[in-house]
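Inspection log for the structure reproduced underneath, given as structure tokens.
Per chain, numbering begins at 1; letters A, B, ... match sequence-line order.
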There are 2 protein chains.
Amino acid sequence: MLKIGELASLAGVSRDTLRFYEKHGLIIPSQRTESGYRLYSNIDVERISFIVSAKEVGFTLNEIHQLLELEVTKDKKSCQDVKEFVDNKITIVNQRLLEIEKIKHSLQTLSDACCGGDEPATQCTILGALNEQAR
Amino acid sequence: MLKIGELASLAGVSRDTLRFYEKHGLIIPSQRTESGYRLYSNIDVERISFIVSAKEVGFTLNEIHQLLELEVTKDKKSCQDVKEFVDNKITIVNQRLLEIEKIKHSLQTLSDACCGGDEPATQCTILGALNEQAR
DNA sequence: CTTGACTCTAGACTATACTCCAAGGTTTAT
DNA sequence: ATAAACCTTGGAGTATAGTCTAGAGTCAAG
Ligand SMILES: [Zn+2]
Ligand SMILES: [Zn+2]
Ligand SMILES: [Zn+2]
Ligand SMILES: [Zn+2]
């Protein structure tokens, strides 16, 4: 059994983060000492590793919550369920990707139209474009 | 001169948003009535239009703050300054783009490895990969 | 037996961008 | 004259993901 600081350094997160995850129901230590210290088991170690891995591939804490439920009840869930979950996330990520690409292109268009010279920016096409009333 | 509700519907934002922008120094009405109602001038209308346009191309309110300073002091700034600002933002956006692409590919890899079948997810490669300790 | 390292809780604070609410004052229309 | 519509302020709440602090308790070593 590990104390919070030990698990924290093992998992590469802060003690505060562990307590934060606990508050949000992601990882609850299997035990407490008499004096109230959190004690984490091997299963808890696996769980935090799951959380960290899931974070790394872009899941939000909320989504990780749902993933953990899939994980825990995996004998009652099918591969289809899990794959669907991931595919939904891919759809969301894709939308975000398109948005950001659109933004990038808008910015690029603004940048390309500006001469970038030394003269005062009174006629700058960037400021001009942002000032445009009509749309 | 427009009252807050008039400017709000003209600009396509809420009254609350206008007050929020004011609190953050983005747009301060030129005048107030005796009873304290905000009154917005033509210049204010242009300013909110600038803000809305800048938001649409992906600038944060903080960046819009800086952009507005460029706008206001544009006779003392060069096209180079403005273009640099936009190019810095493009760099930031690009980094975000790469991050999200990485996430997308990770998720795609996870998804591709899962059979998506009807059988229980006890052996699901997705859950397995997220559970992996070593990295 | 005391010092330092560690832990506990509750709650405040960060950043981003609003949105909503309460309680009251003002304007406009009927 | 009165109700509806609009305005004011300050402050709380939303979502995301923590970080930090204060004040107090615990534990191991010298
Ligand atoms: Zn120029
Ligand atoms: Zn320019
Ligand atoms: Zn399968
Ligand atoms: Zn599977």
Side-chain angles (χ1 to χ4, degrees), chain A residues 1-40 44 47-48 50-68 89 92-93 95-96 99-100 103, chain B residues 1-40 44 47-48 50-68 89 92-93 95-96 99-100 103:
Chain A
M1 302 297 261
L2 303 174
K3 280 188 287 179
I4 195 168
E6 293 163 341
L7 180 58
S9 52
L10 191 67
V13 302
S14 76
R15 288 181 294 274
D16 274 331
T17 297
L18 286 175
R19 286 187 280 249
F20 176 79
Y21 287 171
E22 180 175 345
K23 196 159 63 183
H24 291 268
L26 289 180
I27 182 166
I28 291 155
S30 313
Q31 266 187 258
R32 293 269 189 148
T33 67
E34 276 182 31
S35 54
Y37 283 25
R38 290 165 177 82
L39 289 177
Y40 296 92
D44 296 330
R47 200 173 168 94
I48 190 65
F50 184 97
I51 294 171
V52 169
S53 304
K55 263 191 69 64
E56 266 167 25
V57 296
F59 288 107
T60 66
L61 295 189
N62 209 311
E63 288 160 347
I64 292 172
H65 216 315
Q66 297 168 254
L67 268 175
L68 281 166
K89 180 64 178 180
I92 293 169
V93 168
Q95 281 163 3
R96 188 82 192 105
E99 271 171 41
I100 295 187
I103 285 170
Chain B
M1 301 297 263
L2 303 174
K3 280 189 286 180
I4 194 167
E6 293 164 340
L7 179 58
S9 53
L10 191 68
V13 301
S14 75
R15 289 182 294 275
D16 271 332
T17 297
L18 285 176
R19 285 187 279 250
F20 176 80
Y21 287 171
E22 180 175 344
K23 195 157 63 182
H24 291 268
L26 288 180
I27 182 165
I28 290 154
S30 313
Q31 265 187 260
R32 293 272 187 144
T33 66
E34 276 182 31
S35 55
Y37 282 25
R38 290 166 177 80
L39 289 177
Y40 296 92
D44 296 329
R47 201 172 168 93
I48 191 66
F50 184 96
I51 294 170
V52 169
S53 305
K55 261 191 71 64
E56 266 166 26
V57 297
F59 288 107
T60 66
L61 295 189
N62 208 312
E63 289 161 345
I64 292 172
H65 216 315
Q66 297 168 254
L67 269 175
L68 282 166
K89 179 65 178 178
I92 293 168
V93 167
Q95 281 164 2
R96 187 82 191 106
E99 269 170 44
I100 295 185
I103 284 170

- request: Flag the pair A:Leu18 / A:Tyr40 as yes when at least one side-chain heavy-atom distance between them is below 4.5 Å, and no otherwise.
  value: yes

- line: Taken to the nearest whole Å, OH/B:Tyr40 to C1'/D:dC6 is 14 Å

task: Give the rounded distance in Å between these two atoms: CD1 of A:Ile51 and C1' of D:dT16.
output: 16 Å

task: State, with a plain yes or no, whether a side-chain heavy atom of A:Asp16 is found less than 4.5 Å away from one of A:Arg19.
output: yes

statement: On DNA chain D, more 5' by nearest nucleotide between A:Phe20 and B:Asp16 is B:Asp16

query: Using a cut-off of 4.0 Å on non-hydrogen atoms, how would the nucleic acid contact of A:Thr33 be classed: base, sugar-phosphate, or nothing?
result: nothing

message: Run the side chain to side chain contact (heavy atoms under 4.5 Å, CB included) test on A:Ile100 and B:Glu99 for me, step by step, so that the C-alpha distance in whole Å, both residues' side-chain angles and the decisive distance to 0.1 Å come before the verdict.
response: CA-CA 11 Å; A:Ile100 295 187; B:Glu99 269 170 44; over 6 Å; no

- prompt: Across the strands shown, which category fits A:Arg19 at heavy-atom distances under 4.0 angstrom: base, sugar-phosphate, nothing?
  reply: base

Interatomic distance where CG belongs to A:Leu26 and P belongs to D:dA17 [whole Å]: 10 Å

statement: When rounded to the nearest 0.5 Å, the distance separating CD1 of A:Ile64 from CZ of A:Phe50 is 8.0 Å

- prompt: Which is true for A:Lys55 with a 4.0 Å heavy-atom rule: it touches a base, it touches only sugar-phosphate, or it touches nothing?
  reply: sugar-phosphate

- line: Nearest-nucleotide check on DNA chain C, B:Ser35 vs A:Lys3; residue mapping nearer the 5' end is A:Lys3

Rounded distance in Å - CD (B:Glu22) to C1' (D:dT8): 11 Å

query: Can you tell which of A:Arg32, A:Arg47, A:Arg15 makes a salt bridge (Lys or Arg N to Asp or Glu O under 4.0 Å) with A:Glu22?
result: A:Arg32

message: Using whole Å, what does the distance between atom P of nucleotide D:dA15 and atom CG of A:Leu61 come to?
response: 14 Å

- request: For DNA chain C, note the earliest and the latest nucleotide, 5' to 3', having some atom under 4.0 Å of a heavy atom belonging to chain A.
  value: C:dC6 to C:dT9

task: From the options D:dG25, D:dC7, D:dG18, select the nucleotide whose nearest atom is closest to the side chain of B:Tyr37.
output: D:dC7

- request: To the nearest Å, give me how far apart CD1 (A:Ile27) and P (D:dA17) are.
  value: 17 Å

statement: In whole angstroms, the gap separating P of D:dC7 from CD of B:Gln31 amounts to 16 Å

- request: Please figure out whether B:Ser14 or A:Arg15 has its closest DNA chain C nucleotide nearer the 5' end.
  value: A:Arg15

query: For the side chain of B:His24 and the backbone of B:His65, is there at least one donor-acceptor N/O pair under 3.5 Å apart?
result: no

- request: Starting at atom NE2 of A:His24, determine the distance to atom P of D:dT14, rounded to an integer number of angstrom.
  value: 13 Å

field: Flag side-chain contact, heavy atom, 4.5 Å: A:Thr60 against A:Lys89
entry: yes

